[in-house]
Amino acid sequence: MSDDAISAYLGLGSNVGDRMATLRSAIRALGGHDRITVVRVSTIVETEPVGPSDQDPYLNAAVGIATGLAPAQLLSACLAIEAGHGRDRARERRWGPRPLDVDLLLYGRRVIDDPGLTVPHPRLHQRLFVLVPLAEIAPAVEHPLLGRSIEWLRAHRAGQIRVKPIAG
Ligand code: X6L
Ligand code: MG
Ligand code: MG
């Protein structure tokens, strides 16, 4: 599939509504895109909120895809899927509760620093709610800026927060 040449990784989160149904539906929506092939899906984990703590726990997961979309197109697809699951960025507070967050974590080994898009995701290496699911599906993938594997980054953040497996 030469149209789907790029391996990218997405981080999914939800802490409003039926979190499990939302994550499963979002993964289905990603796979339904004609230029995205879902290759790997992590375990879904329950995680304490990082940042503002006056919000409910999250379910988080990571997804590995192959895509022919350029990074900005992939971001647009992620934002459309967020909106389709009830996310209203105009009305929510920064780092507050949201029914669905789909973050572009890695896009091949590309490094992108544009106003609306930073890849690798700037907090990827600091957050166990990202690293635990991502290490399950992409342990040997190297962070293109840090020169360390995802599994190395996960092991060196161990103990930051509780991460509880919910469903595979
Ligand atoms: C000081 C200032 C300390 C800012 C931390 C942390 C900001 C995390 C943003 C921070 C700060 C974030 C999720 C989450 C969020 C999620 C869990 C963010 C964005 N998203 N917590 N908090 N899972 N468990 O998906 O990552 S808000
Ligand atoms: Mg986001
Ligand atoms: Mg996020």
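Heavy atoms only: backbone and side chains are in, while hydrogens, waters and symmetry mates are out. Whatever order the structure lists them in is the order used to number ligands and atoms, beginning at 1.
Of all atoms in ligand 1, listed by their number and element, those nearer than 4.0 Å to a heavy atom of Glu48 are 17 (C), 21 (N), 24 (N). Counting the atoms of ligand 1 from 1 in the order shown, those under 4.0 Å from a heavy atom of Arg98 are 27 (S). Applying the 4.0 Å criterion to heavy atoms of Pro49 picks out, from ligand 1, the atoms 21 (N), 24 (N). Near Asn60, the atoms of ligand 1 lying under 4.0 angstrom from a non-hydrogen atom of the residue are 16 (C), 17 (C), 23 (N), 24 (N), 25 (O).
Using a 4.0 angstrom heavy-atom cutoff, Asp101 does not count as in contact with ligand 1.
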(request) Assess whether salt bridge (Lys or Arg N to Asp or Glu O under 4.0 Å) is satisfied between Arg89 and Glu82, documenting all intermediate values. (result) CA-CA 9 Å; Arg89 286 175 172 268; Glu82 287 180 351; 2.9 Å; yes

(request) Would you check, one step at a time, whether the test salt bridge (Lys or Arg N to Asp or Glu O under 4.0 Å) holds for Glu46 with Arg19? (result) CA-CA 10 Å; Glu46 184 168 51; Arg19 303 170 300 167; 3.0 Å; yes

(request) Test Glu142 against Ser149 for side chain to side chain donor-acceptor pair (under 3.5 Å), laying out the working first. (result) CA-CA 4 Å; Glu142 193 176 283; Ser149 72; over 6 Å; no

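The backbone N or O of Asp56 sits less than 3.5 Å from a side-chain atom of Asn15, completing a donor-acceptor pair.
For ligand 1, none of its N or O atoms has an N or O atom of Gln55 under 3.5 Å away.
Taking a cut-off of 2.8 Å, the protein N, O or S atoms nearer than that to the Mg ion (ligand 2) are Asp101 OD1, Asp103 OD1.
Relative to atom 22 (N) of ligand 1, the option among Asn15, Asp56, Val50 with the closest non-hydrogen atom is Val50. Here the shortest heavy-atom distance to atom 5 (C) of ligand 1, taken over Arg123, Arg127, Gln126, belongs to Arg127.
With rounding to the nearest 0.5 angstrom, the CG atom of Leu74 is 5.5 Å from the CG atom of Leu10. Note that CG of Asp101 and OG1 of Thr22 are 12.5 Å apart. Values are rounded to the nearest 0.5 Å.
Looking at Leu12, Ile27, Ile65 one by one, the single match for side-chain contact (heavy atoms from CB on, under 4.5 Å) with Val41 turns out to be Ile27.
Nearest heavy-atom pair across Leu117 and Ala72 is CD2-N, 4.1 Å.
Arg123 pairs by the side chain to side chain contact (heavy atoms under 4.5 Å, CB included) definition with Trp95, His121, Gln126, Arg127, not counting sequence neighbours.
By the criterion of side-chain heavy atoms lying less than 4.5 angstrom apart, applied directly or through intervening Ile, Leu, Val, Met, Phe, Trp or Tyr residues, Tyr107 is not grouped with Val39; the two fall into different hydrophobic clusters.
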